[in-house]
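For reference, the structure is listed below as structure tokens.
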Amino acid sequence: MGRIQVLPGDLANQIAAGEVVERPASVIKELVENAIDAGAKHISIAVELGGKKLVRVEDDGEGMSPEDARLAVERHATSKIRKAEDLGGIATLGFRGEALPAIASVSHFVLRSRARGAESGTEVRINGGAIASVTEVGAAEGTAIEVADLFYNLPARRKFLKSDGAESAQVSRLVTQLALCYPEVGFVLTSGGRKLLQCPPVATLRDRFYQLYGERQDLVEVHRESGDLKVVGYVAALAEQGPTRGPQNIFVNRRIVKDRTIAHAIINAYSVASIKERSPEVHLFLSMPPTALDVNVHPTKAEVRFRDQSYVHEAMRRALGDALGRGPAPELQLAPPNVQQAPLGNLPLPTSYGGTFPSRWIPPGAWTARGEEGTAAPQGAALQPEASSVIRPMIALGQFRDTFIIAVDEEGIAIIDQHVAHERVLFERILERLTTGRMESQRLLEPLLVELPPAARQALVARSAELDRMGFELEEFGGDAIRVTALPTLLRREECVGAVRVLAEDLEGLDRGSRVEEALKRIAATMACHAAVKANYPLTAEKMAHILDELRQTAYSTICPHGRPVMLRLTRREVEKNFQRI
Ligand SMILES: Nc1ncnc2c1ncn2[C@@H]1O[C@H](COP(=O)(O)OP(=O)(O)OP(=O)(O)O)[C@@H](O)[C@H]1O
Ligand SMILES: [Mg+2]
């Protein structure tokens with residue numbers, strides 16, 4: 001007899017389970033995705049002991065006939081694809097025909113299902129992959145599946161499960177994500193009889209977002225369509241305060257996805273706007289034709305492959321760039337702030353998501369821009385999208401204490417920190433310049449010597465290539481000194497020593513392995529800070545106009561590279577309200 005044998009079905013299923021089923025949350029993902037594929041409008045999920053003892057998922061979808069119920073638990077049995085070509089444009093969440101048999105092979109499994117309009121239902125019981133019974137039963141229309149004692153027959157796997165609390169947290173996170181993808185489906189999640197989540201079906205993503213996250217003034221809306229790629233969602237606004245980490249929910253064609261291209265685009269978009277490292281909260285929904293991506297990459301379908309990766313990257317980066325640049329300038333208030341919060345109805349999230357979405361995504365008026373005649377924006381409208389950049393042409397009226405520019409436009413009065421604003425402008429210019437080449441440099445007739453401690457000297461020398469691109473030429477001079485022979489034209493000679501010291505300090509704080517761009521950005525931020533007009537410095541009208549004009553053209557004009565606000569605004573509404581003109 002040969003050495004090679006075909007594995008028995010049970011064992012093959014258990015091996016498949018190793019890929020698809022990692023923990024209770026992954027069981028729930030498969031069962032809920034099946035329910036959604038079956039057209040369910042309501043899905044309830046119950047877990048006991050974090051799902052380790054029991055997971056139950058019930059839906060009101062199309063259900064299964066007795067034959068289908070029996071076949072559903074067979075390996076490679078699916079109603080979702082028929083032939084190889086179908087793999088090219090998958091429109092359902094499932095397609096592998098693997099989930100149910102895999103789950104049934106590592107649990108005590110009960111499936112009860114009744115097809116819509118059928119007289120009675122079918123119950124299939126399976127223990128560790130072996131069918132125990134198939135019977136006709138009375139059942140509600142739809143499907144209910146119970147998965148008890150997950151991994152009871154694979155003790156090694158069971159040991160890897162976390163505490164009940166930790167598993168339960170994973171389950172909540174997952175159900176939240178699924179609920180975000182399918183606002184038109186109602187979800188209920190209970191754990192040990194306690195209701196953790198309940199969202200009735202709603203018409204829009206905005207409504208679902210509110211059900212799950214409540215009012216969120218700290219997020220900005222993303223909305224961009226380029227070709228047949230659409231990106232919508234909410235992301236953390238750029239702000240000095242606030243957490244630098246948050247949940248990152250990314251969905252592609254209503255699938256929960258982890259993707260490096262997208263993750264990279266997010267980091268990129270935030271790092272252009274600020275030098276602070278962050279892993280911001282994002283809820284992003286991408287949609288594209290099914291043929292533009294391959295979902296058959298990963299057993300749990302957690303990864304996808306884009307046909308045109310760089311296009312997706314660029315579109316994401318721009319979508320985020322637009323949204324972040326549009327973040328509102330902090331508003332000044334004359335009276336004590338009105339604590340009454342805006343109903344979420346004012347939060348714009350204007351596009352439909354996916355082809356199957358109800359068309360009524362934009363409530364009438366949701367797009368009313370702040371400041372349109374006769375449509376005074378409601379309270380809390382700071383998130384209202386603006387047709388162009390937040391910063392419209394403004395007229396400088398003068399300076400306050402030689403430090404702040406006072407300016408006006410039709411919509412309000414602004415106080416601009418002249419140093420921070422100029423710094424922002426220069427920072428952008430420098431980075432822009434660097435994408436096409438190096439900064440202009442001027443040779444010093446008389447080299448400058450800067451004395452520095454050894455670590456600081458080291459840090460400068462280690463980054464001499466980047467400094468060179470910025471227009472600095474410097475070298476170790478022996479002793480404690482660094483000799484500077486050329487400077488960026490942007491800097492004046494008297495600023496040089498100070499700038500080099502700060503640069504050294506900045507670069508010293510940078511990890512040795514940090515990317516070149518990171519170092520360049522730090523250098524750019526330091527240079528911008530040194531070259532920008534200072535506080536307590538009188539400005540001519542022309543200079544003020546110039547700063548305002550440049551500022552308006554920068555994409556991220558509401559905060560400086562270090563995260564400080566550029567301007568405060570007193571809105572027209574606020575002024576009118578306080579003079580009792582409304
Ligand atoms: N809740 C449900 N309601 C109706 N039919 C279902 C339900 N769950 C499963 N089915 C049927 O059982 C089949 C097998 O389900 P299973 O999850 O094993 O495979 P799949 O969804 O086709 O592919 P994948 O392995 O990628 O999930 C499905 O194709 C579907 O026809
Ligand atoms: Mg499935």
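Ligands are counted one by one from 1 in listed order, and the atoms in each one are counted from 1 as well. As the structure is a computational prediction, the values presented were derived from the model and not from experiment. Because only heavy atoms are used, hydrogens play no part in the values below, and waters and symmetry mates are left out as well, while side chains stay in.
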Please check whether Asn34 reaches ligand 1 - meaning an N/O of the residue sits under 3.5 Å from an N/O of the ligand, judged on distance alone.
yes
Nitrogen or oxygen atoms of Gly97 and ligand 1 under 3.5 Å apart
yes
Taking NZ, NE, NH1 and NH2 as the nitrogens, is one of them in Arg125 or Glu123 under 4.0 Å from a carboxylate oxygen of the other?
yes
Test salt bridge (charged side-chain N to carboxylate O under 4.0 Å, His left out) applied to Arg116 - qualifying residues, sequence neighbours left out
none
Considering only protein heavy atoms, which is closest to atom 12 (O) of ligand 1, and at what distance to one decimal place?
Ala72 CB, 3.3 Å
Across all chains, not counting sequence neighbours, the ring-ring contact (aromatic ring centres under 6.0 Å, His included) partners of Tyr311 are none
Does an N or O from Met64, backbone or side chain, lie closer than 3.5 Å to an N or O of ligand 1?
no
Which one of Thr143, Ile36, Val20 has a non-hydrogen atom at the shortest distance from atom 2 (C) of ligand 1?
Thr143
Quick note on ligand 1: atoms under 4.0 Å from a heavy atom of Glu30 include exactly 27 (O)
Excluding sequence neighbours, so at least two apart, what forms ring-ring contact (aromatic ring centres under 6.0 Å, His included) with His298?
none
So, Arg56 and Glu146, do they make that salt bridge, N to O below 4.0 Å?
yes
Protein contact of atom 18 (O) of ligand 1 - nearest heavy atom, named by residue and atom, plus distance
Leu100 N, 2.9 Å
Got a donor-acceptor contact below 3.5 angstrom from the Ser163 side chain to the Ala166 backbone?
yes
Can you tell me the protein heavy atom closest to atom 29 (O) of ligand 1 and the distance?
Ser79 N, 3.0 Å
For Ala139, is there any backbone N or O sitting under 3.5 Å from a side-chain donor or acceptor partner on Arg114?
yes
With only distance considered, is Phe95 within less than 3.5 Å of ligand 1 through an N or O on each side?
yes
To the nearest 0.5 angstrom, please state how far the CD atom of Gln211 sits from the CG atom of Leu180.
10.0 Å
Going by the order shown, which atoms of ligand 1 are within less than 4.0 Å of some heavy atom of Pro101?
18 (O)
Can you list the atoms of ligand 1 that are under 4.0 Å from a heavy atom of Gly94?
21 (O), 23 (O), 24 (P), 26 (O), 27 (O)
Between His283 and Glu281, is there a side-chain donor-acceptor contact under 3.5 Å, judged purely by atom types and distance?
yes
What is the number of protein N/O/S atoms located under 2.8 Å from the Mg ion (ligand 2)?
1
Within 45 degrees of the axis of the six-membered ring of Phe95 and under 6.0 Å from its centre: does Lys301 put its NZ or CZ there?
yes
Within less than 4.0 angstrom of ligand 1, does Ala40 place any heavy atom?
no
Taking atom CD of Gln248 and atom CD1 of Ile262, what is their separation to the nearest 0.5 Å?
10.5 Å
Closest non-hydrogen atom pair, Val202 against Arg208:
CG2-N, 3.7 Å
For the residue pair Gln14 / Ser105, report whether a side-chain donor-acceptor contact shorter than 3.5 Å exists.
no
Side-chain donor or acceptor of Glu48 paired with backbone N/O of Ser191 under 3.5 Å:
no
Taking only heavy atoms of Asp59, which atoms of ligand 1 are found under 4.0 Å from at least one of them?
1 (N), 2 (C)
What I want to check is whether the side chains of Lys80 and Asn34 have a donor and an acceptor closer together than 3.5 Å.
yes
May I ask you to decide whether Arg75 forms a salt bridge with Glu98, counting only side-chain N to carboxylate O separations under 4.0 Å?
yes
Which of the numbered atoms in ligand 1 are under 4.0 angstrom from any heavy atom belonging to Thr78?
20 (P), 22 (O), 29 (O)
Closest non-hydrogen protein atom to atom 25 (O) of ligand 1, residue and atom name please, with distance?
Glu98 N, 2.8 Å
To which protein heavy atom is atom 21 (O) of ligand 1 closest, and what is the distance rounded to 0.1 Å?
Lys80 NZ, 2.6 Å
Here the atoms of ligand 1 under 4.0 Å from any heavy atom belonging to Lys301 are 24 (P), 26 (O), 27 (O)
Name the closest protein heavy atom to atom 4 (C) of ligand 1, giving the residue it belongs to and the distance to 0.1 Å.
Ala38 CB, 3.5 Å
I want to know if ligand 1 touches Leu31 in the polar sense, i.e. an N/O pair below 3.5 angstrom.
no
Would Glu33 count as a contact residue for ligand 1, given that I'm defining contact as a non-hydrogen atom of the residue lying under 4.0 Å from a ligand atom?
no
Mutual orientation of the aromatic rings belonging to Tyr234 and Phe209 [parallel < 30°, tilted 30-60°, perpendicular > 60°]
tilted
Could you tell me whether some N/O pair between Arg96 and ligand 1 is separated by less than 3.5 angstrom?
yes
Under 4.0 Å from a heavy atom of Ala77: give me the atoms of ligand 1 that qualify, with their elements.
14 (C)
